[in-house]
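Contents: one structure, followed by commentary.
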Amino acid sequence: VEEKSLLLDHPNLALTTVSYQTFTIMLEGLMRPLFAVCAICIAATPTFAADLILPEMDNEYEVSAPVADWTAFYAGVFGGYTGGRSEYWGSTGGPTFPYVGDAAGGLVGFQLGADYQVESFVFGAAADIAWANLSSSATGGGAEFDSRLDYLGTVRARVGVANETLLGYVHGGLAYGSNTINARLGGAPFTEVHGNSRIGYTLGAGVEAKVSDNISLLAEYSYTDLGDPIVFSNPPGSPAFDLRESMRFHTVKVGLNYRF
């Protein structure tokens, strides 16, 4: 009764009370859908985040490993084994010629060279010289021959293909050397001939691998032919006679180069 009397006595207060109740009902009607929308957004957030996967980079943007550059001057050392044969002919012919002897020995030397790379191709030149101990002997028909190659040198070109730190190549060029011969014909005392200069050619192939920017290891095969020059002639006043010797051999060597 008091509340109704108060509202009747103060009509503005009654209007305010009605307006407040109406506002509260409207606000509740607006907030309910808003809360529902927020709940849906929160629930969908993990799924949406899982779908945010960065696309993979195209292969054209991948960074490739650097390819070793073989363009450089170099110096190195090497050692190896040599095996082949020597043959002897006399100018008088006869049924006992030629005499054939197996040859074998080692060599140790050093080399200088330079390479120039164009894309994956490598062009180069090298010169080397080695102390050699390639010995051979042949006997028959009353004759004996002993021969030893004292040194061997080459001047070669080489062409190869590089694959990162590995280089495969073929090579070829001039070969030269000198040998010492002991010969005894028909029971005569041995005649020793020093300093027989030899010249010929060499061909082969090899592989070289870089172990650092400056150091590389190599393995190489060569076939060498030092020709068949006259290595001995009878002195004046004796029956004319010339002795020829051919030297052909295979060499396998390993080495180390320093590039600068």
Side-chain angles (χ1 to χ4, degrees), residues 74-90 97-113 125-141 143-158 169-185 188-208 216-233 242-258:
Y74 61 86
V77 294
F78 62 86
Y81 175 80
T82 298
R85 63 189 300 176
S86 297
E87 296 184 2
Y88 302 89
W89 293 272
F97 284 103
Y99 299 118
V100 179
D102 293 330
L107 53 82
V108 177
F110 67 92
Q111 61 191 6
L112 300 173
D128 61 64
I129 191 165
W131 167 85
N133 186 26
L134 178 63
S135 300
S136 66
S137 62
T139 60
E144 297 180 36
F145 304 97
D146 293 316
S147 177
R148 183 185 70 250
L149 183 66
D150 299 316
Y151 72 86
L152 175 67
T154 70
V155 179
R156 298 167 290 135
R158 72 175 187 172
Y169 61 91
V170 294
H171 66 89
L174 176 72
Y176 61 94
S178 178
N179 69 327
T180 300
I181 295 177
N182 287 306
R184 181 167 63 185
L185 300 173
F190 272 103
T191 300
E192 186 174 76
V193 182
H194 296 277
N196 283 294
S197 297
R198 312 296 296 256
I199 190 168
Y201 67 89
T202 184
L203 299 170
V207 61
E208 190 168 356
S216 61
L217 303 177
L218 67 88
E220 187 178 276
Y221 162 79
S222 302
Y223 171 77
T224 304
D225 186 338
L226 290 179
D228 55 355
I230 296 174
V231 294
F232 173 79
S233 296
D242 295 325
L243 178 68
R244 292 182 177 271
E245 179 194 40
S246 68
M247 296 187 71
R248 301 179 181 90
F249 49 88
H250 307 270
T251 302
V252 176
K253 67 182 183 181
V254 294
L256 180 147
N257 286 329
Y258 181 83

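We number each residue from 1, following the sequence as shown.
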query = If only atom types and distance count, is the side chain of H171 paired as donor or acceptor with the main-chain N or O of Y221 below 3.5 Å?
reply = yes
query = How are the rings of Y88 and F145 set relative to one another: parallel (under 30°), tilted (30 to 60°) or perpendicular (over 60°)?
reply = parallel
query = Side chain of T202, backbone of Y223: donor and acceptor closer than 3.5 Å?
reply = yes
ask   = Would you say the side chain of T154 lies within less than 4.5 Å of the side chain of Q111, judging by non-hydrogen atoms?
value = no
Minimal non-hydrogen separation, A175 against T224, with atom names = CB-CG2, 3.8 Å
Non-hydrogen side-chain atoms of I129 and Y176 separated by less than 4.5 Å = yes
query = Are the side chain of R248 and the backbone of G84 linked by a donor-acceptor contact shorter than 3.5 Å?
reply = no
task = Side-chain contact test, heavy atoms from C-beta onward, threshold under 4.5 Å: evaluate it for L107 versus L134 and give yes or no.
result = no
key: S216 versus E208, closest heavy-atom pair with distance   = OG-OE2, 2.5 Å
message = If I compare all heavy atoms of G101 with all of S136, which pair ends up nearest, and what's the gap?
response = O-CB, 4.3 Å
message = If you apply the rule side-chain contact (heavy atoms from CB on, under 4.5 Å), what do you find for V254 with L217, and how did you get there?
response = CA-CA 8 Å; V254 294; L217 303 177; over 6 Å; no
Side chains of N196 and E245 in contact at under 4.5 Å (non-hydrogen atoms) = no
request  = First locate atom CG of L152, then atom CG of L226, and finally report the distance between them rounded to the nearest 0.5 Å.
outcome  = 6.5 Å
request  = Kindly compute the distance separating CE (M247) from OG1 (T82), expressed to the nearest 0.5 Å.
outcome  = 9.5 Å
query = In terms of side-chain geometry, is the basic nitrogen of R148 or D146 positioned less than 4.0 Å from the acidic oxygen of its partner?
reply = no
request  = Work out which heavy atom in D128 is nearest to a heavy atom in F78; give both atom names and the distance.
outcome  = CB-CE2, 3.7 Å
ask   = Do E87 and D228 touch side chain to side chain, with heavy atoms closer than 4.5 Å?
value = no
key: Interatomic spacing from CG in L149 to OG1 in T180 - rounded to 0.5 Å   = 9.0 Å
query = Between atom OG of S137 and atom CD1 of I181, what is the distance when rounded to the nearest 0.5 Å?
reply = 12.5 Å
task = Hey, could you give me the OH/OH distance between Y74 and Y258, rounded to the nearest 0.5 Å?
result = 15.5 Å
request  = Kindly indicate whether the side chain of S86, heavy atoms from C-beta on, has any atom under 4.5 Å from the side chain of F249.
outcome  = no
ask   = Could you walk me through whether E144 and Y99 pass the side-chain contact (heavy atoms from CB on, under 4.5 Å) check?
value = CA-CA 9 Å; E144 297 180 36; Y99 299 118; over 6 Å; no
task = Kindly give the heavy-atom pair with the smallest separation between Y169 and A219, and that separation in Å.
result = OH-O, 4.4 Å
key: Reported OH-to-CZ distance for the pair Y201 and R156, which is rounded to 0.5 angstrom   = 15.5 Å
inquiry  = Could you check whether atom CZ of R85 has more than 12 heavy atoms from other residues, nucleotides or ligands sitting under 6.0 Å from it?
reply    = no
